[in-house]
Amino acid sequence: MGKKKEAGAICPYCGHKWTYKEKLLGYMIKPRSRTRCPKCKTYIEPSTKSITYEYIALVLLIIGIIFVVPNLPVLNSTRVYIVLILFGIYMFLFVPLSLRFEIINYNIKDKDHEERN
Ligand SMILES: [Zn+2]
């Protein structure tokens, strides 16, 4: 595979590598359309791939909480902890680790369209 594998979330405009804290504060707790690079302040979007991973993980999380956790042979209070831990893994481990950014293509697509006409 000749393609260079980028490690972590990198701003496609300035190359800034997002720290874990920036991913939590600048991405997890904000609406997705308002994600801005902390360095160059450009609005950036998560890549299609990382959104897909995020949705799959969220669906698995919800399935686990609705169908698996209630049937576990543990106390109700333990179930609450398990749900919190699952949410914690999703929010603090899975999403920050799988997050990648890509350039928003709307303008490029418009230009292509104009050129073809
Ligand atoms: Zn940037």
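Remember, it's 1-based here, ligands and their atoms both numbered in the order they're listed.
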What residue pairs, at least two apart or across chains, pass ring-ring contact (aromatic ring centres under 6.0 Å, His included) with a residue in residues 83-103? W18-F101

If you count heavy atoms of other groups shown closer than 6.0 angstrom to OH of Y81, is the number above 12? no

List the atom pairs, with distances to 0.1 Å, where a side-chain N or O of residues 54-65 and a protein N or O form a donor-acceptor pair under 3.5 Å, not counting sequence neighbours.
| from | atom 1 | to | atom 2 | distance (Å) |
| --- | --- | --- | --- | --- |
| E54 | OE1 | Y27 | OH | 2.8 |
| E54 | OE2 | R32 | NH1 | 2.3 |

What pairs with R36 under side chain to side chain donor-acceptor pair (under 3.5 Å), at least two apart in sequence or on another chain? none

K17 side-chain N/O to I10 backbone N/O, donor-acceptor pair under 3.5 Å: no

Hydrophobic clustering (ILVMFWY, side-chain heavy atoms < 4.5 Å, transitive) - are Y53 and L99 grouped together? yes

Just to be careful: counting only protein atoms that are N, O or S, how many fall under 2.8 Å of the Zn ion (ligand 1)? 4

